[in-house]
Enquirer: 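Got a structure for you, questions after.
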Amino acid sequence: MSGERYNPREMEPRWQKVWDEAKSFVVRDDDAREKYYVLEMFPYPSGRIHMGHVRNYSMGDVVARYHRARGKNVLHPMGWDAFGMPAENAAMERKVHPGAWTRQNISAMREQLRSMGLSIDWTREIATCEPEYYQHQQALFIDFLEAGLVTRKKSKVNWDPVDMTVLANEQVIDGRGWRSGALVEQRELTQWFFKISDFAEDLLAGLDTLTDWPEKVRVMQRNWIGKSEGLRLQFEVVPNDKADASSIEVFTTRPDTIFGASFIALSPDHPLTAQLATNDPALAEFVAECRRQGTATEAIEKAEKKGYFTQIHVKHPVKPGATLPVYVANFVLMEYGSGAIFGCPAHDQRDLDFARKYDLAVIPVVLPPDADAANFAVGNEAYVDAGNIFNSGFLDGLSIDEAKKTAAAHFAALTIDGKPQGTVEVNYRLRDWGISRQRYWGAPIPIIHCEVCGTIPVPKKDLPVVLPEDVTFDQPGNPLDRHPTWKHVHCPQCGGAARRETDTMDTFVDSSWYFARFTAPEAATPTIPGVANAWLPVDQYIGGVEHAILHLLYSRFFTRAMKATGHVGIDEPFKGLFTQGMVTHETYKSPAGEWVAPAEVIIETLGEDRKALHLHSGEAITIGSIEKMSKSKKNVVDPDEIVGSYGADTARWFMLSDSPPERDVQWTEAGVEGASRFQQRIWRLVSETIEITKQSAHSVRESDDNEAKALRKAAHRAVHNVSQDIEGLRFNRAVAQIYELTNALVRASGIAAVAPSSRLAALEDGVARLIQLLAPMMPHLAETCWEALGKSGLVADALWPDVDPALLVDDSVTMPIQINGKRRAEIVVAKGTASADVEALVLSLDEIVRILDGNAPKKIVVVPDRIVNVVV
RNA sequence: GCGGGCGUGGUGGAAUGGUAGACACACAGGACUUAAAAUCCUGAGGGGGUAUCCCCGUGCGGGUUCGAGUCCCGCCGCCCGCACCA
């Protein structure tokens, strides 16, 4: 046996079949054991799995298998985020139905995932594109609608006039549609919205409870929600013959700087702007120009601050007799605050730029701590830091915070047009979530439009609203809209002719509650609340950081909305979140400047130098930078090929070793080979251990000698450390611990044949423990070894090895001796040796005596059982 | 601009304020082999000395401490996220 190499290609399918037949990973709701829910972000069925999936699911599987071994009832499901654009693109390009394309991809990718040997309960598999799933999403939509969490409103969208569809901001490139290349228009469409902004405060507050989330993600969400507290302030319009309005409302977070105000600016989309523009062609032209600028971030970034003076003025609210000019400015957003601002150029850079351009007053009202009031002036840089208010009448001398409160109180007490002049208000950057998409391949929004009764939800008994199969993609626009019959229905209320909503839901809706559906994937309702509440929240969620905001925020909103409608009883869906790094690879370029795939490159190593040659042509290839694996740069490695040649365990092991999981990992051929060699090394160790123990009769139970004891200690320490590292998701360190134990056992196996039986027993026990530590990471190899060692049952079902605490502590410790903080010697003493004894021992050491050279130490610091520092 | 993170050998990376470089990859030398692969052993941060040993060393400059990769202050560089948010 010891001569045979381990053959993953033979063993891996075998164990996968065994687990399958034993239903090892099928989980039951009525299991009394403690629950543990581990979930990796489910994949989009693009066609084939990539290395990012391998990394993601390897990590999740380690966590799942570890907690199973810890005796927990582990839910570890898998599904498909199966709606979306790529399926429609495939339909247009290849004339296949999006459903056929998607389902074919799902079965191909399911096979690939199965070949990885993941401990997934496949009986719970769901695909969001099936009516069995999306009918419940439609039910949720109706419940949300009835609970007032859904609204229908007009909103500006990017409209592609050629494809006749709405585009996301990311799909607008240089003002043109990414597919059609047509100039994108801004259109107002009536769309469905989830009222996520109703939960802004709650979503913000909830972040503080998510202590097992990366700080980075919490900060990103906090910024995205963008809370700011300020004052809504009325400015009285100086009577004129242009404007109908008698007052203008602005939002400000700096009411303390009101004495520094020098202008008012309206958004181009402000109602007053529109009204003024009807009698002012130049203003109308200015507004049109602003709109042309578009919403692309790039354009906004470069746009110059521009304004248009409306000829009207408002009264200065705190300087009797003074007025402020009213501009329309391109940088004021209608969507935020009230769509109008007051400008205080001295203390806001953007306002300052604007003031310099239009020659407006710059009045400093915050005095920096070290400046003096007589000379302080603002140049081309606004002063935005702390200081005391000056030049400001009743606010003089106050701090910024005090002045904000005083100003707010002042304006709250005054009235304009019968309303308070100032009202304290909290604003959020977070907008409601527009979910309407003019697409075929998504969940239909279950609404019927009736001329008589209005907008009527589809009665629940009529769900699902199923997508029609007979659709065409040979022309632009929404196939649902031009389908001959699908949208023509009767009104559920009056029975008259009516029209179906032809918009479908944003695919982010699909992924906002799938984790809940996994708890009862076949239920007749979206969830079974009792079951959902028993499983949720997800204890450990793992996925890419690219979902830090949208997916994770939407899921948090959905959970709250589902709670409000009685589907779950919790607020936060994901207790622990882990965001893993990307998989990268070197890039290669041919002399012609074309990207070359790693599979077509041969690397030659000469000493420290590396040279790349083309596999076929033999021409020199340039080795480029390390980049995220992507098709466009061709630096991808196909998981199938790796599994086929090295086995799934090797791929899994490599993905877990070396790099900390939150950082990017570089895929290298050498690294994979190292992982593969380690696999063989384990198999040799196991085979040799079996041989040795077979040959030597060690029926006599001897007490452990020092070697045996050291071996046992190494094994128990490894179990302890690996456990902690897996729980902390420090897989790279767990791997290093396993290497260390392996090294110790391999060393011991060399001498065990001639050694006392106690060492053989320790070796056998250590190898068994090693295999168990390995089982979450290389499950197939571990099963093979477990079986070879003659252990009963599956290692996948075995309980995690226990740790004898007595074996974690040493009776003696090595203490380094420092002289002035530099290590000069070390001593081995019994654990717990008194400081005075240690001190005496140190001073008697030859090396120390020599280094001290007759000088008396100034001070000796003894940290018991740790270190000694002699200060000279 | 704002926010977050990072900076350690040839490389990926270890290191509760306590022996910097665990573990791995790559490399070099040796053993085995007709040979290669595989395997095993040995070496290795840099500099100096035949050796015992000495000096320097965690992006840079300060500080706190008996002791700093780790904590504090100020720089430099890189990465990520957000960005006309009033």
Side-chain angles (χ1 to χ4, degrees), chain A residues 5 214-224 226-228 230-231 233 250-254 257 265 267 293 297 299-305 329-333 335-344 348-351 353-354 384 427-430 545-546 548-549 581 605-610 654 657-660 662-666 668-675 677-678 680-681 684 730 732-743 746 750 814-826 847 850 857-863 865-872:
Chain A
R5 286 172 64 79
E215 183 57 23
K216 173 187 173 142
V217 174
R218 294 202 286 166
V219 168
M220 282 165 75
Q221 293 215 352
R222 210 168 277 134
N223 292 342
W224 188 261
K227 179 178 182 173
S228 65
L231 196 67
L233 188 57
V250 307
F251 176 71
T252 178
T253 55
R254 295 294 303 271
T257 63
S267 164
Q293 246 178 23
T297 29
I300 291 168
E301 211 172 309
K302 290 181 194 149
E304 204 185 340
K305 314 273 167 284
N330 64 347
F331 59 86
V332 181
L333 306 172
E335 296 82 23
Y336 189 80
S338 65
I341 62 161
F342 84 75
C344 175
D348 182 292
Q349 190 59 46
R350 194 195 41 202
D351 292 348
D353 294 345
F354 191 81
V384 295
N427 256 298
Y428 299 91
R429 211 183 73 101
L430 183 67
V545 74
E546 66 273 20
I549 296 176
T605 319
L606 290 162
E608 307 250 301
D609 285 340
R610 296 171 72 245
F654 178 56
S657 350
D658 291 348
S659 291
E662 68 278 10
R663 275 194 227 173
D664 290 355
V665 64
Q666 191 193 343
T668 62
E669 195 63 16
V672 184
E673 270 165 16
R677 278 201 300 273
F678 176 70
Q680 297 297 343
R681 190 162 187 241
R684 270 198 313 278
R730 296 179 295 264
N732 57 319
R733 294 214 316 205
V735 164
Q737 296 288 345
I738 291 174
Y739 272 119
E740 248 173 292
L741 176 59
T742 307
N743 291 342
V746 167
T814 304
M815 294 176 76
I817 318 289
Q818 297 179 331
I819 307 286
N820 290 339
K822 276 188 187 172
R823 197 194 80 97
R824 295 295 158 159
E826 60 182 40
E847 294 130 290
R850 182 176 59 74
K858 262 192 213 147
K859 185 176 176 184
I860 301 181
V861 181
V862 179
V863 184
D865 296 339
R866 294 217 89 135
I867 200 164
V868 181
N869 194 12
V870 181
V871 187
V872 188

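Note on naming: letters A, B, ... go to the chains in the order of the sequence lines (proteins, then strands), and numbering restarts at 1 for each one. Computed from a predicted model, the values in this text were never measured in an experiment.
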Enquirer: Taking pairing as Watson-Crick or G-U wobble with both contacts under 3.5 Å, can you name the mate of rC27(B), or confirm there isn't one?
Expert: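 Base partner found: rG43(B).
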Enquirer: Rounded to the nearest 0.5 Å, what separates atom OH in Tyr336(A) from atom OH in Tyr428(A)?
Expert: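 Nearest 0.5 Å value for the OH-OH distance: 10.5 Å.
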Enquirer: Identify, between Glu215(A) and Glu740(A), the residue whose nearest nucleotide on RNA chain B lies closer to the 5' end.
Expert: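 Final value for this comparison: Glu215(A).
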Enquirer: For rU58(B), give the paired nucleotide (Watson-Crick: N1-N3 plus N6-O4 or O6-N4; G-U: N1-O2 and O6-N3; both under 3.5 Å), or none.
Expert: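 Matched rU58(B) with nothing under the 3.5 Å cut-off.
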Enquirer: Using the C1' atom as the reference point in each nucleotide, state the distance between rG21(B) and rA44(B) in Å, no decimals.
Expert: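 To the nearest whole Å, 12 Å.
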Enquirer: From the set rU19(B), rC85(B), rC66(B), return the single nucleotide nearest to any side-chain atom of Arg350(A).
Expert: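 When the side chain of Arg350(A) is considered, rC85(B) is the closest of rU19(B), rC85(B), rC66(B).
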Enquirer: Does Tyr739(A) reach a base, just sugar-phosphate, or nothing at all? Heavy atoms under 4.0 Å.
Expert: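 Here Tyr739(A) touches the backbone only, sparing every base.
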Enquirer: When you compare rC71(B) with rA14(B), how far apart are their P atoms, in angstrom units rounded to a whole number?
Expert: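 Roughly 15 Å separates the two P atoms.
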Enquirer: Using heavy-atom distances to pick each residue's nearest nucleotide on RNA chain B, tell me which of Glu673(A) and Val863(A) is more 5'.
Expert: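 Closer to the 5' end of RNA chain B: Val863(A).
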Enquirer: Calculate, to the nearest 0.5 Å, the distance between atoms CG and CG belonging to Asn427(A) and Leu430(A) respectively.
Expert: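 Interatomic distance, Asn427(A) CG to Leu430(A) CG, rounded to 0.5 Å: 11.5 Å.
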Enquirer: With C1' as the reference atom in both, quote the distance from rA22(B) to rU58(B) in angstrom, rounded to an integer.
Expert: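 Straight-line distance between the two C1' atoms is 15 Å.
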Enquirer: Hey, mind stepping through Asp348(A) and Phe354(A) against side chain to side chain contact (heavy atoms under 4.5 Å, CB included) and telling me if it holds?
Expert: CA-CA 10 Å; Asp348(A) 182 292; Phe354(A) 191 81; over 6 Å; no
Enquirer: Pairing check on rA22(B): which nucleotide meets the Watson-Crick or G-U wobble criteria with it, both distances under 3.5 Å?
Expert: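 No nucleotide pairs with rA22(B).
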Enquirer: If we take the P atom in both rU65(B) and rC75(B), what is their distance in whole Å?
Expert: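 Between the two P atoms, the distance is 24 Å.
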Enquirer: When the P atoms of rU70(B) and rG74(B) are compared, how many Å lie between them, rounded to an integer?
Expert: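 After rounding to an integer number of Å, I get 16 Å for this pair.
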Enquirer: Tell which nucleotide pairs with rC6(B), taking only Watson-Crick or G-U wobble pairs whose two distances are both under 3.5 angstrom.
Expert: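 Checking every strand shown, rC6(B) finds its partner in rG77(B), with both distances under 3.5 Å.
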Enquirer: Quick one: label Val870(A) by what it contacts on the DNA or RNA (base, sugar-phosphate, nothing), any heavy atom closer than 4.0 Å.
Expert: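 No contact.
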Enquirer: Do Arg663(A) and Asp658(A) have side-chain heavy atoms sitting under 4.5 Å apart?
Expert: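 Counting from C-beta outward, Arg663(A) and Asp658(A) never come under 4.5 Å.
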Enquirer: Please report, rounded to the nearest Å, how far the C1' atom of rC23(B) is from the CZ atom of Arg730(A).
Expert: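 Rounded to the whole Å, the gap is 15 Å.
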Enquirer: Taking only the side-chain nitrogens and oxygens of Arg222(A), find out if one of them lies under 4.0 Å from OP1 or OP2 of rG4(B).
Expert: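 Arg222(A) to rG4(B) OP1/OP2: no side-chain N or O under 4.0 Å.
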Enquirer: Taking the C1' atom in each of rA37(B) and rC56(B), what is the distance between them to the nearest angstrom?
Expert: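 Approximately 42 Å lies between the C1' atom of rA37(B) and that of rC56(B).
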Enquirer: Please round to the nearest 0.5 Å and tell me the distance separating atom NZ of Lys822(A) and atom CG of Asn869(A).
Expert: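 Result: 12.0 Å between the selected atoms.
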Enquirer: Rounded to whole Å, how long is the line connecting atom CZ of Arg823(A) with atom P of rC53(B)?
Expert: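 Computing the Arg823(A):CZ to rC53(B):P distance gives 10 Å.
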Enquirer: Might you work through the side chain to side chain contact (heavy atoms under 4.5 Å, CB included) test for Met815(A) and Val862(A), ending with a clear yes or no?
Expert: CA-CA 10 Å; Met815(A) 294 176 76; Val862(A) 179; 4.3 Å; yes
Enquirer: Is there, by distance only and without an angle test, a donor paired with an acceptor across the side chain of Asn869(A) and the base of rG67(B) below 3.5 Å?
Expert: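 Under the 3.5 Å cut-off, the side chain and the base do not form any donor-acceptor pair.
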Enquirer: When you compare rU11(B) with rG59(B), how far apart are their P atoms, in angstrom units rounded to a whole number?
Expert: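 Nearest-Å result for rU11(B) against rG59(B) at atom P: 13 Å.
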Enquirer: Which glycosidic conformation, syn or anti, is assigned to rG47(B) if syn requires a torsion within 90° of zero?
Expert: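 This nucleotide is in anti.
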Enquirer: Describe the nucleic acid contact of Arg677(A) in one word from base, sugar-phosphate, nothing, applying a heavy-atom distance below 4.0 Å.
Expert: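 Contact class for Arg677(A): sugar-phosphate only.
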Enquirer: Could you tell me whether the phosphate oxygens of rC66(B), OP1 or OP2, come under 4.0 Å of any side-chain nitrogen or oxygen in Lys859(A)?
Expert: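 For Lys859(A), the contact criterion (side-chain N or O under 4.0 Å from OP1 or OP2 of rC66(B)) is met.
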Enquirer: Please enumerate all protein N or O atoms sitting under 3.5 Å from an N or O of nucleotides 54-57 of chain B, with distances to 0.1 Å.
Expert:
residue, atom, partner, partner atom, Å
rC54(B), OP1, Arg824(A), NH1, 3.4
rC55(B), OP2, Arg824(A), NH1, 3.4
rC56(B), OP2, Lys822(A), NZ, 2.7

Enquirer: Answer yes or no: is there a donor N or O on one side and an acceptor on the other, between the side chain of Thr252(A) and the main chain of Leu231(A), under 3.5 Å?
Expert: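 Not confirmed, Thr252(A) side chain does not pair with Leu231(A) backbone.
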Enquirer: Scan Gln818(A) against the nucleic acid and name what it touches under 4.0 Å (heavy atoms): base, sugar-phosphate only, or nothing.
Expert: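 Result for Gln818(A) = base.
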Enquirer: May I have the distance from Asn743(A) (atom CG) to rU39(B) (atom P), rounded to whole angstrom?
Expert: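 Result: 13 Å.
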Enquirer: Between rG17(B) and rG63(B), how far apart are the C1' atoms? Round to whole Å, please.
Expert: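 These two C1' atoms come out 15 Å apart once rounded.
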Enquirer: When we call it a touch if two heavy atoms are under 4.0 Å apart, what does Val219(A) touch: a base, just sugar-phosphate, or nothing?
Expert: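 Touches sugar-phosphate only.
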Enquirer: Under 4.0 angstrom, heavy atoms only, what part of the nucleic acid is Asn732(A) near: base, sugar-phosphate, or nothing?
Expert: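 The residue Asn732(A) makes sugar-phosphate contact but no base contact.
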Enquirer: Ignoring backbone atoms, test whether Arg681(A) places a side-chain nitrogen or oxygen under 4.0 Å from the OP1 or OP2 oxygen of rC40(B).
Expert: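 Yes, within the criterion.
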Enquirer: Could you tell me the separation between the CD atom of Glu546(A) and the P atom of rC80(B), rounded to a whole number of Å?
Expert: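 Computing the Glu546(A):CD to rC80(B):P distance gives 14 Å.
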Enquirer: Quick one: pull up CZ in Arg677(A) and CZ in Arg684(A) and give me the separation to the nearest 0.5 Å.
Expert: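 Those atoms lie 10.0 Å apart.
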Enquirer: Given side chains that start at C-beta, do those of Phe678(A) and Ser657(A) come closer than 4.5 Å, heavy atoms only?
Expert: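 With C-beta onward as the side chain, the pair stays apart.
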Enquirer: Between rG17(B) atom P and Ile867(A) atom CD1, what is the distance in whole Å?
Expert: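 Spelled out: CD1 on Ile867(A) to P on rG17(B) is 14 Å.
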Enquirer: Identify whether any heavy atom of Thr253(A) sits under 4.0 Å from a base atom; if not, whether one sits that close to sugar-phosphate; answer base, sugar-phosphate or nothing.
Expert: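 Sugar-phosphate only.
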Enquirer: Measure from CD on Gln221(A) to P on rG3(B) and round the result to the nearest Å.
Expert: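 Distance check: Gln221(A) CD to rG3(B) P gives 19 Å.
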Enquirer: Whole angstrom is fine here: how far is it from CE in Met815(A) over to C1' in rC66(B)?
Expert: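 Taking CE of Met815(A) and C1' of rC66(B), I get 14 Å after rounding.
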Enquirer: Rounded to the nearest 0.5 Å, how far does CD1 of Ile860(A) lie from CD1 of Ile819(A)?
Expert: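 Nearest 0.5 Å value for the CD1-CD1 distance: 8.5 Å.
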Enquirer: Can you tell me how far P of rA26(B) sits from CD of Gln666(A), to the nearest Å?
Expert: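 Going from CD in Gln666(A) over to P in rA26(B) covers 13 Å.
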